[in-house]
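Here the structure is laid out as structure tokens; the discussion comes afterwards.
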Amino acid sequence: MAWCRLLPTLLALTVACVVAYDRPPPREALTIPFADDDDGLTTPQQVHISLVGSNKMRVTWITKKDGESVVNYGTIAGKYTDSAVGSASSYTYFLYRSGHIHDVVIGPLKPDTVYYYRCGSNSTREFSFKTPPSSLPIKFAIVGDLGQTGWTKSTLQHLAATDYDVLMLPGDLSYADYLQPLWDSFGRLVEPLASARPWMVIHGNHEIEKIPLLHPQPFVAYNARWRMPYDADPVTASGSNLYYSFDVAGGAVHVLMLGSYTDFGPDSAQYKWLAADLARVDRARTPWLVALIHAPWYNSNEAHQGEGEEMRKAMEALLYGARVDAVFAGHVHAYERFTRVHDGKADACGPVHITIGDGGNREGLAKSFQKPQPAFSEFREASFGHGRLEMANGMHALWTWHRNDDDEAVVADQVWLTSLASNPACSPKAK
């Protein structure tokens, strides 16, 4: 394709503006082919689910040919007692045209329950998922900068062996980088996991896919394929798929999904929405408050230094005032955990900042850390892996980082967190 021949030049211009850093050789790239069942035209592919409100689930899938946007579901395999109808859409990117992207919201659903479901009119594939619990404890899996390489496959295998309720991904999903068929490959790669547990994602820089003059609209593929519940509740609606929030465990955990690559200044829609969203949080009812971003606000790696600084200056005070417990970021292809920090120094009432951009991307690891290690950086390592966050109750949560060590999930870092809502010294009146 003619436009494909333009990409090396465009990408070279982009890369030339970025300070280079050494990375070890990555593992092989993966491309997952379309699996034809029957005629293949209406076979549901790239199935993934996401939370919608307190008791509903969005089911998304793609077919080659247009068909019914319907989901039949029930609590017994092969026996579907309920159904829901949605809609389908598609998008174009230069000469590429996506398949038919089906979007159906099902529910109300019972908490902590396994549901079996079938997408569309094609009966060749049955899927199942488990809904999150309606109260604490709850378990999250967290992984960023996933991509589709041999390391990605290893990370997904570790996640598949994990008992978790919700997966959260702080940006950089497919690493398609303008080559739209790689979005399809990524959807097929993650389908076994993303169809079985809700995946809540936020965009990263690799989702932008904007080319000045040639393709000026950003986030086209991301918004079409990974629709999140930004408009699920009229009261909390953000108005944009690029940032949103959601509750789990009956409202005991409130999660902020913030956009690093859309406007975030004090006059922006995102800033005003965030301020209003945080003002509605009742910490007596919601002991845990967590945020996800893509570009980290704190980072002692040589890679991507300072790239989250403008957003930090704009929004950190809001998160600090609300006593956000933890902020998870991606972007830097390494793992790093900071102590509670605010405004560049340790602060017992600030969030714990954790960078977990080490899911398995094709660019490899960011191995160069600044020396000496900052006093408020407690653990850092350039290895692929994933994290697990278990809110045991309203006061305590266990965070563990699992390193991909010779394809084994090895616990390399672990710490217990205490909710700031349970600390009298961190109440707004105390400060």
Side-chain angles (χ1 to χ4, degrees), residues 23-37 43-50 60-62 125 127-129 139-164 166-177 179-201 204 206-207 221-222 225-226 294 328 330-335 355-367 381-388 400-412:
R23 286 172 169 155
R27 283 189 172 181
E28 73 283 1
L30 300 178
T31 301
I32 309 303
F34 189 93
D36 283 338
D37 292 328
T43 302
Q45 299 283 335
Q46 308 177 49
V47 180
H48 59 270
I49 61 173
S50 55
T60 304
W61 73 96
I62 295 180
R125 306 185 72 196
F127 302 88
S128 66
F129 66 77
K139 299 177 182 179
F140 296 93
I142 305 178
V143 60
D145 298 71
L146 198 53
Q148 37 193 323
T149 70
W151 282 116
T152 309
K153 182 178 179 181
S154 177
T155 299
L156 292 175
Q157 289 172 340
H158 297 161
L159 289 169
T162 301
D163 178 23
Y164 66 91
V166 180
L167 184 141
M168 299 193 295
L169 200 162
D172 284 0
L173 284 70
S174 71
Y175 282 77
D177 292 332
L179 301 177
Q180 297 305 294
L182 290 180
W183 274 108
D184 296 308
S185 175
F186 177 78
R188 292 189 285 268
L189 176 65
V190 303
E191 181 191 81
L193 279 72
S195 63
R197 294 291 186 277
W199 278 38
M200 309 304 290
V201 306
H206 285 272
E207 277 72 65
Y222 172 77
R225 294 171 180 270
W226 291 86
H294 185 63
F328 296 92
H331 201 38
V332 176
H333 301 157
Y335 172 75
T355 299
I356 189 152
D358 56 353
N361 64 88
R362 59 175 168 75
E363 296 177 340
L365 293 166
K367 295 184 68 176
E381 181 177 310
S383 296
F384 290 115
H386 72 277
R388 305 176 191 177
T400 57
W401 175 62
H402 297 251
R403 178 201 300 126
N404 286 8
D405 187 1
D406 295 327
D407 292 319
E408 298 295 327
V410 177
V411 176

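Just so you know, residue 1 is the first one in the sequence shown, and it goes up from there.
One distance of note links CG of Asp163 with CG of Leu159; it measures 12.5 Å at 0.5 Å rounding. Between the CD atom in Gln148 and the CZ atom in Arg362 there is a gap of 9.5 Å [rounded to 0.5 Å]. Here Asp145 contributes atom CG and Leu173 contributes atom CG; the two are 9.5 Å apart, rounded to the nearest 0.5 Å. Of the inter-residue distances, the one linking Gln46 atom CD with Phe186 atom CZ reads 10.0 Å to the nearest 0.5 angstrom. The CG atom of Leu193 sits 10.5 Å away from the CD1 atom of Ile49 when rounded to the nearest 0.5 Å. Distance CG/Leu146 to OG1/Thr155: 6.5 Å, rounded to 0.5 Å.
No donor-acceptor distance shorter than 3.5 angstrom exists from the side chain of His206 to the backbone of Asp177, with no hydrogens or angles considered. Within the 3.5 Å criterion, the main-chain N or O of Leu182 finds no donor-acceptor partner in the side chain of Ser185. Panel note: side chain Gln45, backbone Ile62; no donor-acceptor pair is recorded below 3.5 Å. Judged by distance alone, with hydrogens and angles left aside, the side-chain atoms of Arg403 form no donor-acceptor pair with the main-chain N or O of Ser383 at under 3.5 Å.
When every heavy atom of Val201 is checked against every heavy atom of Tyr222, the shortest pair comes out as O-OH, 3.5 Å. Listed here is the closest heavy atom pair of Trp61 and Pro44: CD1-CB, 3.6 Å. Summarising the geometry of Tyr164 relative to Arg197, their closest heavy-atom pair is O-NE, 2.9 Å, with the distance given to 0.1 Å. Nearest approach of Ala366 to Ala382, heavy atoms of both residues: O-CB, 3.4 Å. Summarising the geometry of Trp199 relative to Ala194, their closest heavy-atom pair is NE1-CA, 3.4 Å, with the distance given to 0.1 Å. Minimum heavy-atom separation, Ile142 to Pro170: CG2-CD, 4.4 Å.
The side-chain hydrogen bond (donor to acceptor under 3.5 Å, both in side chains) test applied to Arg388 returns Thr162, His386, His402, not counting sequence neighbours.
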(request) Check the pair Phe384 / Asn361 against side chain to side chain contact (heavy atoms under 4.5 Å, CB included), numbers first and verdict last. (result) CA-CA 9 Å; Phe384 290 115; Asn361 64 88; 4.0 Å; yes
(message) Could you walk me through whether His294 and Asp172 satisfy the side chain to side chain contact (heavy atoms under 4.5 Å, CB included) test, starting with their C-alpha distance in whole Å, then the side-chain angles of each, then the deciding distance to 0.1 Å, before giving a yes or no?
(response) CA-CA 8 Å; His294 185 63; Asp172 284 0; 3.1 Å; yes
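Ring geometry for His48 against Trp226 counts as parallel: the plane angle stays under 30°, on a 0 to 90° scale with 60° as the upper cut. Relative orientation of the Trp401 and Tyr335 rings is parallel, given thresholds of 30° and 60° on the angle between their planes.
Considering only heavy atoms from C-beta on, Glu363 comes within 4.5 Å of Tyr175 through its side chain.
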